[in-house]
2 protein chains.
Amino acid sequence: MKYSRSEENYLKAIFHLQQAGSRGVSTNDIAEAMETKASSVTDMIKKLAAKDLVNYVKYQGVSLTESGRSTAIMVIRKHRLWEVFLVNKLDFPWDKVHDIAEQLEHIKSEELVTKLEAFLDYPSVDPHGDPIPDQHGNFKQTQKRLLVKCDLNEKYLCVGVKDSSSEFLRFLDKKHINIGSNITVLSKEEFDDSMQIQVDDQKHFISKKIAENIYVSAQ
Amino acid sequence: MKYSRSEENYLKAIFHLQQAGSRGVSTNDIAEAMETKASSVTDMIKKLAAKDLVNYVKYQGVSLTESGRSTAIMVIRKHRLWEVFLVNKLDFPWDKVHDIAEQLEHIKSEELVTKLEAFLDYPSVDPHGDPIPDQHGNFKQTQKRLLVKCDLNEKYLCVGVKDSSSEFLRFLDKKHINIGSNITVLSKEEFDDSMQIQVDDQKHFISKKIAENIYVSAQ
DNA sequence: CTTTTTATTTAGCTTTGCCTAAAAATTGTT
DNA sequence: AACAATTTTTAGGCAAAGCTAAATAAAAAG
């Protein structure tokens, strides 16, 4: 069964919103995420519900059905595989790949995804540290946490970012903070939650806003 | 300036038709090539004319403007580069890449094409032997000719195919006829234009229909 | 427990790209 | 030249995906 580009984008957005908050996803949230109007969202939701991709009760938001969830995951799988291709093979900087992957993720061909994945050597995460689902849709949610909530003097591994904007990613590049960097929080300012951190062998001061957008895992 | 997928497909079809016959391209020809109806073609032609992509006089067919031609060539460039990627990097057989390349050719990103081309090492032809335009739209039309029109006992180089259907390409694979194979016409049957040919170190009998779909160049 | 605010849905309109059926122009044939 | 056949265009409609504005439901506030 095949879905339109727009349907796939809605499913993806709903999936991401569902991951964030555990509640049913509201029309307005979807509208904001997709940069569209609530009325357009209602229209599309009805179509998705008719195709059994979402559970929908008027005025009560939506949740993905099994079928909707797996469709969303397959789109995300493609998106992340293409991001790996763009960064690892074509040498794109990691902050420039999102828009292109947004287009590539809608290419329809099972075989293409399978062969691309093999060509890339079965990567488990994309350039931003997000896990890549396998062909059955399975992926392990790394138990990552935001740097802002980390303990002092523990060694962490940078595993991903929350904000994927070019501005933020370029900031990280400038500070040599990459996926895989070792990070330790050396001190924390109670007043504004800014902190001094050690990244591999360099020390930096970063604001709360930065620390809120870096994911790390204990190591 | 950006054009829709549909507009790009029309421009591409018109370009190919224009290459084939030198006359202005007719509405019906476009409709047949695009597997759509003549009335739809008229609609689209008007839009393309309004955007100065084609020259259009009612009832007299169309021809591409400079802008239309270069847009078409850029789509063809992308199509052929992606075909090379699919065959050389992802190991697709050459008869399976067309449909996927039809999708990939519409991905919008100058940078992607540039980087893809470099990654593929600036190929000059696609897997079917068709030339790949450079970033300025230049490409040399190889002075190829159909095998059916070749002289006896001359050495030729297989440079492309006219028919790109899976059936035909698989036939060629079976006979080990590839782009780059050496071909010599050993004998020709006047009655039905069938011929005996030497392909590298193998001999085959082929019908007129086969010989009409293989392009060679003198060597 | 009303009232106000906010969220959601409905109604109706727009554009793109396609369709069918009918009209008009062109081309081919006596 | 006049009729027939073919090609092309027009007219009117449809589905997808979006929009604005108005109506309605739910949530928040008094």
Side-chain angles (χ1 to χ4, degrees), chain A residues 1-14 17-18 20-64 68 71-72 75 102-103 105-106 108, chain B residues 1-14 17-18 20-21 23-64 68 71-72 75 102-103 105-108:
Chain A
M1 213 174 294
K2 291 292 176 54
Y3 303 107
S4 75
R5 170 175 302 230
S6 189
E7 286 168 339
E8 287 186 348
N9 283 333
Y10 273 93
L11 292 174
K12 197 171 50 124
I14 296 168
L17 289 167
Q18 209 165 255
S22 60
R23 308 274 329 115
V25 177
S26 80
T27 302
N28 261 5
D29 288 350
I30 299 172
E32 191 186 4
M34 309 255 326
E35 298 185 323
T36 183
K37 296 300 156 80
S39 57
S40 307
V41 174
T42 303
D43 284 350
M44 180 56 86
I45 280 173
K46 286 180 185 170
K47 280 205 295 190
L48 297 178
K51 296 183 182 181
D52 195 37
L53 292 164
V54 298
N55 307 113
Y56 171 54
V57 182
K58 268 191 196 177
Y59 294 102
Q60 285 179 225
V62 295
S63 61
L64 294 174
T71 303
V75 176
E102 287 280 294
Q103 299 180 62
E105 73 190 6
H106 299 291
K108 257 93 178 164
Chain B
M1 214 174 295
K2 288 295 176 54
Y3 304 106
S4 76
R5 171 173 303 227
S6 190
E7 287 167 338
E8 287 187 348
N9 283 333
Y10 273 92
L11 293 174
K12 195 169 51 124
I14 295 168
L17 290 167
Q18 210 166 255
R23 310 270 331 110
V25 178
S26 80
T27 303
N28 260 7
D29 288 350
I30 299 171
E32 192 186 3
M34 308 260 320
E35 297 184 326
T36 182
K37 296 300 157 79
S39 57
S40 306
V41 175
T42 302
D43 284 351
M44 180 55 86
I45 281 174
K46 286 180 185 169
K47 280 204 294 191
L48 297 177
K51 295 182 183 183
D52 195 38
L53 293 163
V54 298
N55 306 113
Y56 171 54
V57 182
K58 268 192 194 177
Y59 294 103
Q60 286 179 222
V62 295
S63 62
L64 294 175
T71 303
V75 175
E102 288 280 294
Q103 299 180 64
E105 74 189 7
H106 300 291
I107 302 290
K108 258 98 178 158

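Below, chain A is the first sequence line, B the second, and so on; all start at residue 1.
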Please identify each residue that fulfils salt bridge (Lys or Arg N to Asp or Glu O under 4.0 Å) with K37(B), with sequence neighbours left out.
none
Could you identify which residues of residues 34-46 of chain B place a heavy atom less than 4.0 Å from some atom of DNA chain C, listed by residue number, or say none?
T36(B), K37(B), S39(B), S40(B), D43(B), M44(B)
What are the bounds, 5' to 3', of the part of DNA chain D that sits under 4.0 Å from heavy atoms of chain B?
dT7(D) to dT10(D)
Where Q103(A) and K108(B) come nearest, the two heavy atoms and their spacing:
OE1-N, 2.7 Å
On the nucleotide dT10(C), are OP1 or OP2 found under 4.0 Å from the side-chain N or O atoms that K58(A) carries?
yes
Audit row: L11(A), E8(A), side-chain contact (heavy atoms from CB on, under 4.5 Å) steps and yes/no
CA-CA 5 Å; L11(A) 292 174; E8(A) 287 186 348; 5.5 Å; no
Going by side chain to side chain contact (heavy atoms under 4.5 Å, CB included), name the residues that satisfy it together with N28(A), two or more places apart in sequence or in a different chain.
S26(A), A38(A)
Return the value, rounded to whole Å, for the distance between atom CZ of R5(A) and atom P of dT16(C).
17 Å
If the cut-off is 4.0 Å, is Y56(A) near the phosphate of dT8(C), judged by side-chain N/O to OP1 or OP2?
no
The salt bridge (Lys or Arg N to Asp or Glu O under 4.0 Å) partners of K47(B) (sequence neighbours excluded) come to none
Between I14(B) and L53(B), is any pair of side-chain heavy atoms under 4.5 Å apart?
no
Partner residues of N55(A) under the side chain to side chain contact (heavy atoms under 4.5 Å, CB included) criterion, sequence neighbours left out:
S63(A), T65(A)
With a 4.0 Å limit, can you tell me whether Y10(B) has a side-chain N or O closer than that to the phosphate oxygens OP1/OP2 of dC18(C)?
yes
Does Q18(A) form a side-chain contact (heavy atoms from CB on, under 4.5 Å) with L64(A)? I'd like the steps, not just the answer.
CA-CA 8 Å; Q18(A) 209 165 255; L64(A) 294 174; 4.1 Å; yes
What integer distance in Å separates N9(B):CG from dG17(C):P?
10 Å
